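What you are looking at is a predicted structure, and each value in this text was computed from that prediction instead of being measured. Values below: every heavy atom of this structure, side chains too, minus hydrogens, waters and symmetry copies. We're numbering straight along the sequence, starting at 1.
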Amino acid sequence: MFSFESFAQRITIQGIVQNATDKSVMPGAIVSIQKATDEQPLNGVMTDGNGEFKFEKIAPGPYLVKINYLGFKPISKAVDVDNQAIDLGVLLLIEEVNNLQEVQVVGQVATAVQLGDTTQFNAAAFKTAADANAQELIQKLPGVTMEDGKIQAQGEDVQQILIDGKPYFGTDVATALQSLPAEVIANIQIFDKKSDKAEMSGFDDNDQLKTINIVTKPNRRKGQFGKISGGYGTDDRYLTGASINLFNEDRRFTLTGLSNNINTTSFTAEPGSQRGDRPRNGIIKTNLLGVNFSDMWAEKIEASGSYSFTQQQNFGVQTRFQQFISPADSGRFYNENNRSTEKDKVHQANMRIDYKVNEKNRILIRPNLTIRSADDFSYFLGRTENVISPLNQTENTANSTSESVNFRNTVLYSHGFSKKGRSVTFRLNTGFSINNSENFRLADNTYFREPERSNILNQFTDFDGDGFSWEGEISYTEPIGKNGRMEIEHERGNRYDDSDRRLFDFNEFLGDYSNLNIGLSNTFRSDYFTEETQLSYQYRTEKLRFQIEGEYQRARLENTQVYPAEFDINRTFTNVLPGLRFEYKFSKTKNIEIDYRSWTDAPSVGQLQSVFNVTNPLYVRTGNPNLVQSIQNRVRGRYRTQNPENNHTFFAMVEASAVPNYIGTSTLTARRPIALTAQDTLQIGSQLSRPVNLDGYWTAQTFLNFGQPLEFIKSKLSLFGFVNYTKLPSLIDSLVNYTSTANFRLGISVSSNISESLDFYVSTRSGYNTVQRSLRKTTENYFNQSTRMRLTWVAWKGLVYRTDLMHQLNTGLSAGFNTNYMIWNMSIGKKVFANQRGEISLSVYDLLRQNISIRRNVTDIFVEDVQSNVLQRYFMLTFTYNLRHFSGGATSEKDFERR
C-alpha cells in the first residue's frame, strides 16, 4: 500500500491549449481541475508562454479538467486517473461569437485574479481610447503609479516587460510599453520574476525583478500593427517617430525609430508625451533606433534579443541652493548657477538563447553589451557664504570626453534526473569593462578670508580603467519525503578592477599639459575573491511554501596602490548569511508572503581609490582603501487579495532593512588651510569628503493599495499610501551625525471605464516630508502635492479633443523655490481616412507658460533645492497613422464589429 500511494502521488496531467481557428498557442488560459463528484475545483493553473499546463501529484479517480479564456467558449474534459501520467494533447478553444442583440450584461467584467504570487488583470475591464498604447492602459491598474518617469507596481520599479512570456526590449520598460497598442492586450500579469537559475532549480536565490508580462489576444498574434507620427511646430520644434510590430505567432519583430527636440522618448506628439508627472530637465534632442525580435530558431531553440542606438543632446541650466546643518556651519549656505551641454551616444544589445535539448537537459545563454561615448561641456559659478560675509567662490569650466564598454554573459546548464526533484545546475557569469576619459578644466578660485587669496587651476586629467569578473556555481537538489527538497550549492567568483588616474597641470613655459601632479594622480588595483557554500531546505504543498537556507561565505579583498607610492592592504572576511521564505495561500484569491535575506556588498574601486578629486575645489572628494564590506539584512512581508465578486483589490507591503558597516560619508570643513598634497591645499571653508564604514543605518517602509469600481460614473478608483523612515549615519567634522527622514505619501486616482470615445484619468498625490538631525536639533518639514487630469474625447465625426493638466504645489522649501505651477497641454484633431486610422491634430504644450522644475534633495550635510530649465510653450501640427492589419487581412475595426 505504501509503495502504491507513493507512486500515485507522482501522477501528472498535462496538455496544450490552442486557438481552434489558427492553431496558435494561448498563454494565460485558466485551467482548473476538480473531482467529478465535486462542484469546487481542487487546483488551478495558468498556461505558460507555450500554452502548456501541468497538474502534479494527482491521486487516482475521476476528474474534470476545465479551461476558460476571455472571448472563447469554455471546455470541459473528463479524465480518469489510474496509475499512469496523462497527456491530454492539444485542446482547442473556439472563439465565442455573439450578435449584439443577443448580449445581456449581467455583471462587470472581472478586474483581476490572483494566481499564486502573480496578480493578473483583465485588460477588457479597463477601457482606453482606441489608439492608446500599453503604458496608458497599465497606468489604470490598481497599484500601478508613475514616479519620476518610471512605472512602479506595488511600490517597486518595474524592471522588465515580457510579451507572452518572452523578453521585450530588455530592461527598457518605457520603449516596450509605448511600442505596443493597448487593443492587442488580453491580460496583464504583475509578479516578481525569479532568476533563470532559480526557475531551473526550483529554489529562490534572492535575484528577482519586478516584471510585467503582457498576454496578447490570440487573434492579435499574426499581423502588422504600430504607429507612425510626424510633426513640426513653433520655435523649430519637430518630431518624427515610428513603432512597427511584425508578428507571426512565435516569430516577432519590432522596429522603433524616433527623432525630436521636444524632450520625449514616446512615439507621439500628443500632450503630456514627456512621460510622468515631472517634466524632464533641460532641452533635449533625441535620435533613437531600436529593434526587438523573438523566434523559434529550431524546434527546441527559442531566441530573443534587442538592439538600440540612442543619441541625445541635453542643454541644461540649473540654480541650486544648499543650507548646511552642522552646528559649526549654522547660517552657512552655498549658491550655484550652472549650465551644461551633454552629448551621449549609447549602443545596447542583448540576447537570450534557450535550448531545451530534451525533457531532462536545458542550456540558456544570455549575453549583454553596452557601448557608450560622451562629449560634455559644463560651466558653473559657485559661492559659499555665511550671515557675515562670503567664504569662497569658484568659476569653473570643463570639457570632457569619455568612452566605455561593458559586457556581461551568463551560461546556464540544467540536468534533471529520472527521480523527480533530483537535478543539477551549472552557472557561469563573466564580464569585462573598459572606461576611458579625458577632462580639461579651468577653475578660478577665490578665498575671501584674510589674507584674501586666489588661484587658477588649469588642468588635464587622463583616466583609464578596466575590470574583469567571473563567477561559477554548481547546485544539486534532492527530494526529501513527500513535499520536501534539499539543495546544496557551491560558488566561487572574482572581481578585478584596475584604475589609473593621471592629472597634469598646465606648463606656462611649454604651453602644454606636461607637469604631472603627483599628489592628484593614482594607480590602484582591487581584487575581490569570494567563495560560498549554501544549504537550503524547501517544503511545498498546494497552499504552503517554506524555504530556509544558510550560507557560509569567505571573501578576500586585496587593494594594491602602484603609484605614487606602493602599498598593499589585504583583508579576509567570513560570514554566515541566513535566509527564510514563507508563502501561504488562504485561497485562490488571497495569499501572504514573508521573506528574510542577507547578503554582502563590497566597496567599488571608486570608493577605494585614495586620490583627491578637485573637480570643484570647494568640495574635494577622495576614496578610502581601508573600507570593508557591508552586510545587508532585509525582511519583507506582502499580502494580496482579489475579490472577483465585487472587483475589489488590495495589496499591502511592509519592509525593513539594517546594514552593519554601512558605507557612509565623512565630511570635514576646513577651519584653517589643510595640506592635501605638496602642491594642493584645502582652503578655509572648503570641504573634504570620503567614504567610511559606519553602523546605525536602517530603514523601514510600507505600501498599501486598494482598488474598486465606481459604478455610478463607470470608472475605477485606486487608493494608495506610502510611509518610509530612514536613519542615515555620517561623520561631520569627526562627530557622528544621524539624519532621520520620514516620508508620508497618499494618493488617489480615478480612471474612466466608459467607452473608447471618452477616456479620462484623474490622480492626486500628496507628500509630507520631515528631516531631523542629531547634531543640530532642528526639524525641516516640507510638503508637495501633484495633481493630474488627462482627457481624450472623440466628440463628433472623428473630431478628437485631448487635454492634460498637471498642477504642482510646493511648501516648506527655500525662499524662491516655493513656486506653484500648472502645466496645461491641449490638442484638437480630426480622424481621417475611411477607417479613421489617420489623424491630423494641432497641439499646444504648456499653454499657460508656467512649466518649471523644482526638486529638493536631502543629504547628511545639507538640504538642497534645485531649479532646472525645462521645455516651455510651443504649438505643433502633427499627422499620426495607426497601422492595424491582422491575420487573414482582417482590420481591427472589422474584427471588433464581428465580435
Would you name the heavy atoms of [X] and [Y] that are closest together and state the gap between them?
X      : Y      : value
Phe720 : Asn705 : CB-ND2, 3.9 Å
Ala186 : Asn122 : O-OD1, 3.7 Å
Val173 : Gln159 : CG2-C, 3.7 Å
Tyr69  : Thr216 : OH-O, 3.6 Å
Pro142 : Ser718 : CA-OG, 3.8 Å
Thr47  : Ala29  : OG1-N, 2.9 Å

Between the side chains of [X] and [Y], does any donor sit under 3.5 Å from an acceptor?
X      : Y      : result
Thr699 : Thr726 : yes
Ser630 : Asp601 : no
Asn429 : Thr410 : yes
Gln160 : Thr211 : yes

Would you mind reporting whether [Y] and [X] have side-chain heavy atoms less than 4.5 Å apart?
X      : Y      : result
Phe650 : Tyr639 : yes
Phe191 : Leu162 : yes
Glu655 : Arg634 : yes
Arg640 : Ile190 : no
Thr574 : Tyr552 : yes
Ile365 : Asn409 : yes
Arg545 : Lys585 : no
Thr477 : Thr425 : no

Handout entry: Derivation and outcome, side-chain contact (heavy atoms from CB on, under 4.5 Å), residues Tyr476 and Met486
Key = CA-CA 8 Å; Tyr476 174 80; Met486 293 285 290; over 6 Å; no

So does [X] have more than 12 non-hydrogen atoms from other groups sitting under 6.0 Å from [atom1]?
X      : atom1 : result
Arg408 : CZ    : no
Arg422 : CZ    : yes
Lys590 : NZ    : no

Ion pair check, [X] and [Y], cut-off under 4.0 Å:
X      : Y      : value
Arg427 : Asp196 : no
Arg495 : Glu471 : no
Lys356 : Glu302 : no
Lys193 : Glu199 : yes
Asp354 : Arg362 : yes

How many angstroms lie between atom [atom1] of [X] and atom [atom2] of [Y], to the nearest 0.5 angstrom?
X      : Y      : atom1 : atom2 : value
Ile353 : Arg366 : CD1   : CZ    : 12.0 Å
Phe72  : Asn19  : CZ    : CG    : 4.0 Å
Gln139 : Leu141 : CD    : CG    : 9.5 Å
Asn358 : Lys300 : CG    : NZ    : 6.0 Å
Ile163 : Asn213 : CD1   : CG    : 7.5 Å
Leu209 : Asp157 : CG    : CG    : 11.5 Å

Practice task
Go through the steps to decide whether Asn633 and Ser598 satisfy the test side-chain hydrogen bond (donor to acceptor under 3.5 Å, both in side chains), and finish with yes or no.
Solution key: CA-CA 4 Å; Asn633 297 273; Ser598 57; 4.5 Å; no

Practice task
Let me know which of Glu489, Glu487, Arg485 forms a side-chain contact (heavy atoms from CB on, under 4.5 Å) with Ser201.
Solution key: Glu487

Practice task
For the pair Val17 and Phe53, evaluate side-chain contact (heavy atoms from CB on, under 4.5 Å) and give the outcome as yes or no after the intermediate values.
Solution key: CA-CA 8 Å; Val17 180; Phe53 68 90; 4.0 Å; yes

Problem - Asp164 and Arg252: CA distance, side-chain angles, deciding distance, salt bridge (Lys or Arg N to Asp or Glu O under 4.0 Å) verdict - result: CA-CA 11 Å; Asp164 294 326; Arg252 301 182 178 188; 2.7 Å; yes

Problem - Identified side-chain hydrogen bond (donor to acceptor under 3.5 Å, both in side chains) counterpart of His490 within the set Gln534, Glu532, Glu531 - result: Glu531

Can you check whether [Y]'s main-chain N or O pairs, donor with acceptor, with [X]'s side chain at less than 3.5 Å?
X      : Y      : value
Ser304 : Pro167 : no
Asn494 : Ser469 : no
Gln708 : His648 : no
Asn575 : Leu577 : no
Thr702 : Met653 : yes
Asp87  : Gly89  : yes
Gln629 : Phe573 : no

Problem - Tyr413/Asn361 under side-chain contact (heavy atoms from CB on, under 4.5 Å): CA gap, chis, key distance, verdict - result: CA-CA 7 Å; Tyr413 169 72; Asn361 296 279; 2.5 Å; yes

Exercise for the section: Take Lys140 and Lys716, measure what side-chain contact (heavy atoms from CB on, under 4.5 Å) needs, and give me the verdict at the end. Expected result: CA-CA 8 Å; Lys140 290 190 171 190; Lys716 297 189 181 298; over 6 Å; no

Exercise for the section: Please state whether the rings of Phe586 and Tyr584 are parallel, tilted or perpendicular, taking 30° and 60° as the class boundaries. Expected result: perpendicular

Handout entry: Ring geometry between Phe582 and Phe546 (parallel below 30°, tilted from 30 to 60°, perpendicular above 60°)
Key = perpendicular

Exercise for the section: Just do the salt bridge (Lys or Arg N to Asp or Glu O under 4.0 Å) check on Lys419 and Glu478 with the steps written out, would you? Expected result: CA-CA 9 Å; Lys419 185 176 182 180; Glu478 178 71 20; 3.4 Å; yes

Practice task
Flag the pair Tyr537 / Tyr539 as yes when their ring centroid distance falls below 6.0 Å, and as no otherwise.
Solution key: no

Exercise for the section: Go through the steps for Arg540 and Glu56 under the test salt bridge (Lys or Arg N to Asp or Glu O under 4.0 Å), then give the verdict. Expected result: CA-CA 12 Å; Arg540 195 171 212 164; Glu56 298 180 327; over 6 Å; no

